[in-house]
Trainee: 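Dropping the structure in here first, questions after.
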Amino acid sequence: MAKPTTSYVCSDCGHAEIRWYGRCPACNAYGTLKEFRGAGAGGRAARGFGRGAADQAALRPVPLREIDAARARRLAVEPAEIARVLGGGLVEGSVVLLGGEPGVGKSTLLTGLALSWVRHGVRVLYIAGEESPAQIRLRAERLGFQPDAEDGFEILAEVRLELLLDALEEALGAGAAGTRPTVVIADSVQTLHADHVDSYAGSPNQIRHCGAALAELARRHGCPVFLVGHVTKTGDLAGPKLLEHMVDTVLYFEGSGGGSVRLVRAFKNRFGTTGELAVLEMRADGLAPVDDAGALFLGGAERSEPGAAVCAVQGGSRIFLVEVQALVAPSRYGTPQRVVQGVDSKRVALLAAILEKRAGLDLAGCDIFVKVAGGGRLDDPAADLAILTAIASSLRERPLPPGTLVLGEVGLTGAVRSASAEPERLREASRRGFRRAVCASAPGGGERPRPPRGILVQAAASVEEAVALALSPAADGGER
Ligand code: TYD
Ligand code: MG
């Protein structure tokens with residue numbers, strides 16, 4: 001028998017220590033270390049070692065070829081935007097975490113999905129942790145719920161995990177054939193509380209425990225579960241990272257520039273690609289797809305103004321045209337400011353430094369402001385050249401000729417590299433009326449692939465060349 005040991009486990013983050021501290025060394029919470037006796041929280045027993053002989057006899061490795069690879073069955077999802085982000089539908093038994101800031105519309109999105117399911121005879125069970133059933137009914141009515149016609153939308157207003165699990169076992173069990181819910185929605189995982197976990201609802205330990213219990217239930221019953229998650233001030237999903245590892249899909253729901261446009265991105269998807277983006281609009285009667293999402297982040301100005309440059313970025317399987325706007329002005333204070341919106345400020349500082357060093361622009365005494373039109377966000381490295389060109393255009397007070405696209409990644413040496421999936425990006429720009437594109441020249445001075453019809457490609461090897469090309473009036477000499 002193992003010698004009994006004592007360990008001290010943090011009730012917030014689950015960190016274990018062999019001696020007591022007033023403050024948890026892992027999460028810095030005060031007074032959360034609790035004494036545990038036994039083989040220790042991190043010991044063999046806790047990790048599932050030391051099973052009985054009977055268990056050991058049953059546990060045998062299974063050859064991979066003997067494992068039944070049943071295709072993941074998917075439940076149809078409406079709107080199609082969300083279906084695409086999920087990889088083509090909701091996989092049976094999968095767990096989807098939907099994160100977003102308060103008020104962005106998580107409950108609205110899930111209520112809308114639930115209503116579209118019940119209209120197709122798919123039963124939904126909604127765990128209401130944040131709102132009363134009456135509030136959920138009111139929201140559903142706003143989204144077009146018809147009490148007489150639509151059956152199969154059930155609410156469980158409970159936050160105690162043990163009671164919920166009992167109710168779910170019963171609802172999902174074999175005896176409940178006709179009334180068995182097909183989808184379970186838990187809104188939100190932060191409000192759930194397990195009695196035997198000694199910390200407050202919403203603490204990392206509680207979230208981890210409740211999330212794991214619901215995920216296990218989903219897999220065992222083959223019933224997809226949506227978990228709504230909160231987002232912290234820094235924009236991360238609240239709670240332990242472990243929750244994100246536990247689930248199959250992590251969707252992020254965000255607003256765009258304070259307007260009514262909402263974006264849903266997949267950050268992790270075991271059943272599809274990540275980086276997919278759904279574009280929706282919050283209307284008075286719920287979330288609806290946006291008609292022309294590809295042009296959402298274009299400035300919309302008829303005339304070109306100095307400081308604006310358009311690039312084509314990839315959002316999953318779609319290409320979005322995005323306008324970057326820059327304003328460069330002499331600094332009134334000692335330290336020039338770099339204020340950005342929708343772009344990482346370090347990236348802007350880096351690109352400004354490249355402009356100074358490699359293209360000879362004098363930005364030292366200037367404030368630089370950069371923003372993305374329509375409240376978009378630019379993470380795509382292929383937008384480097386557009387950010388840089390926008391800054392140069394504002395500094396020189398020279399607009400880019402209308403219909404010019406700028407596309408390419410920029411290195412510290414000032415070299416321009418071509419964007420991934422460049423032909424697709426050029427095709428989309430051409431489709432939207434762009435007639436000229438400044439891109440990277442082929443590596444090693446080789447031939448560039450033929451550009452799509454109708455768009456003139458001007459290739460540049462360096463930042464200096466690219467900026468000069470982009471700001472000069474459209475000229476011949478490129479490939480069309
Ligand atoms: P909600 O789904 O409650 O947000 P979350 O669950 O993410 O906290 O939605 C909040 C906002 O959405 C609220 O300010 C009202 C607005 N809204 C609409 O504009 N149209 C609608 O049809 C609904 C239901 C909500
Ligand atoms: Mg909500």
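Atoms within each ligand, like the ligands themselves, are counted from 1 in listed order.
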Trainee: Please report which non-hydrogen protein atom sits nearest to atom 4 (O) of ligand 1, along with the residue it belongs to and the distance in Å to one decimal place.
Mentor: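 Protein heavy atom with the smallest distance to atom 4 (O) of ligand 1: G105 N, 3.2 Å.
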Trainee: Please work out, at 4.0 Å between heavy atoms, whether the side chain, the backbone, both, or neither of T111 comes within that distance of ligand 1.
Mentor: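 Under 4.0 Å from ligand 1, T111 contributes no heavy atoms.
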Trainee: Decide whether an N or O pair under 3.5 Å exists between M282 and ligand 1.
Mentor: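 So ligand 1 has no N or O lying under 3.5 Å from an N or O of M282.
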Trainee: Is atom 18 (C) of ligand 1 in close reach of the protein, with a heavy atom under 4.0 Å away?
Mentor: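 Yes, there is a protein heavy atom closer to it than 4.0 Å.
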Trainee: Step by step, work out the side chain to side chain contact (heavy atoms under 4.5 Å, CB included) result for L287 and F253.
Mentor: CA-CA 12 Å; L287 288 154; F253 197 179; 3.9 Å; yes
Trainee: Could you check whether the rings of F153 and Y126 sit parallel, tilted or perpendicular, using 30° and 60° as the cut-offs?
Mentor: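 Answer is tilted, since the angle falls between 30° and 60°.
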Trainee: Atoms of ligand 1 less than 4.0 Å from S107 heavy atoms?
Mentor: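 Reading through ligand 1 atom by atom, the close ones are 2 (O), 5 (P), 6 (O).
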Trainee: Considering the heavy atoms of R283, write down every atom of ligand 1 situated less than 4.0 Å from one of them.
Mentor: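 Within the 4.0 Å cut-off of R283, ligand 1 contributes 18 (C), 19 (O), 20 (N), 21 (C), 22 (O).
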Trainee: Is any side-chain N of the basic residue among E169 and R220 closer than 4.0 Å to the acidic one's carboxylate O?
Mentor: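 R220 and E169: salt-bridged.
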Trainee: At a 4.0 Å threshold, what atoms of ligand 1 neighbour a non-hydrogen atom of D285?
Mentor: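 Numbered from 1, ligand 1 contributes 22 (O).
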Trainee: Rounded to the nearest 0.5 Å, how far does OG of S418 lie from CG of L385?
Mentor: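 Rounded to the nearest 0.5 Å, the CG-OG separation comes out at 11.5 Å.
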Trainee: Closest heavy-atom contact between A186 and L214?
Mentor: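 Minimum heavy-atom contact is CB-CD1, 4.0 Å.
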Trainee: Using a 4.0 Å heavy-atom threshold (strictly under), name the region of E130 that reaches ligand 1: side chain, backbone, both or neither.
Mentor: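 Neither part.
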Trainee: Starting from atom 13 (C) of ligand 1, what is the nearest protein heavy atom, named by residue and atom, and what distance separates them?
Mentor: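 Checked against all protein heavy atoms, atom 13 (C) of ligand 1 sits closest to G103 O, 4.6 Å.
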Trainee: Could you walk me through whether S188 and E130 satisfy the side chain to side chain donor-acceptor pair (under 3.5 Å) test, starting with their C-alpha distance in whole Å, then the side-chain angles of each, then the deciding distance to 0.1 Å, before giving a yes or no?
Mentor: CA-CA 7 Å; S188 65; E130 298 201 338; 2.7 Å; yes
Trainee: E101 heavy atoms, cut-off 4.0 Å: which ligand 1 atoms fall inside?
Mentor: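 Contacts of ligand 1 toward E101, numbered from 1: 7 (O).
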Trainee: Compare Q135, K106, E131, R142 and give the one whose heavy atom is closest to atom 15 (C) of ligand 1.
Mentor: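 Looking at heavy atoms only, R142 sits closest to atom 15 (C) of ligand 1.
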Trainee: Can you find an N or O of G286 that's nearer than 3.5 Å to an N or O of ligand 1?
Mentor: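 Right, the criterion is met.
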Trainee: Between A284 and ligand 1, which part of the residue brings a heavy atom under 4.0 Å of the ligand: side chain, backbone, both or neither?
Mentor: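 Only the backbone of A284 comes within reach of ligand 1.
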Trainee: Testing L217, V184, L227 one by one against V95 for a side-chain contact (heavy atoms from CB on, under 4.5 Å), which residue passes?
Mentor: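 Exactly one pass, corresponding to L227.
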Trainee: Under 2.8 Å from the Mg ion (ligand 2), is there any N, O or S atom belonging to S107?
Mentor: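 For S107, the answer is yes, given that an N, O or S atom comes within less than 2.8 Å of the Mg ion (ligand 2).
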Trainee: Using a 4.0 Å heavy-atom threshold (strictly under), name the region of P102 that reaches ligand 1: side chain, backbone, both or neither.
Mentor: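 Contact part for P102 vs ligand 1: backbone (N, CA, C, O).
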Trainee: Could you tell me if R265 and T274 have a donor-acceptor pair between their side chains, going purely by distance under 3.5 Å?
Mentor: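 Distance-only check fails for T274 and R265.
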Trainee: What part of R139, side chain, backbone, both or neither, has a heavy atom within less than 4.0 angstrom of ligand 1?
Mentor: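 Under 4.0 Å from ligand 1, R139 contributes side-chain atoms alone.
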Trainee: Identify, by atom number and element, the atoms of ligand 1 in contact range of T108, meaning under 4.0 Å from any of its heavy atoms.
Mentor: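 Near T108, meaning under 4.0 Å from one of its heavy atoms, ligand 1 has 1 (P), 2 (O), 9 (O), 23 (C), 24 (C), 25 (C).
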Trainee: Of R74, R73, R219, which meets salt bridge (Lys or Arg N to Asp or Glu O under 4.0 Å) against E92?
Mentor: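 Result: among R74, R73, R219, R73 is the only option passing the salt bridge (Lys or Arg N to Asp or Glu O under 4.0 Å) with E92.
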Trainee: Quick one: CG on L280 to OG on S260, what's the gap to the nearest 0.5 Å?
Mentor: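 It is 10.5 Å, given to the nearest 0.5 Å.
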Trainee: Which heavy atom of P25 sits nearest to which heavy atom of H15, and what is that distance?
Mentor: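 Nearest pair, atom of P25 first, then H15: CD-CD2, 4.1 Å.
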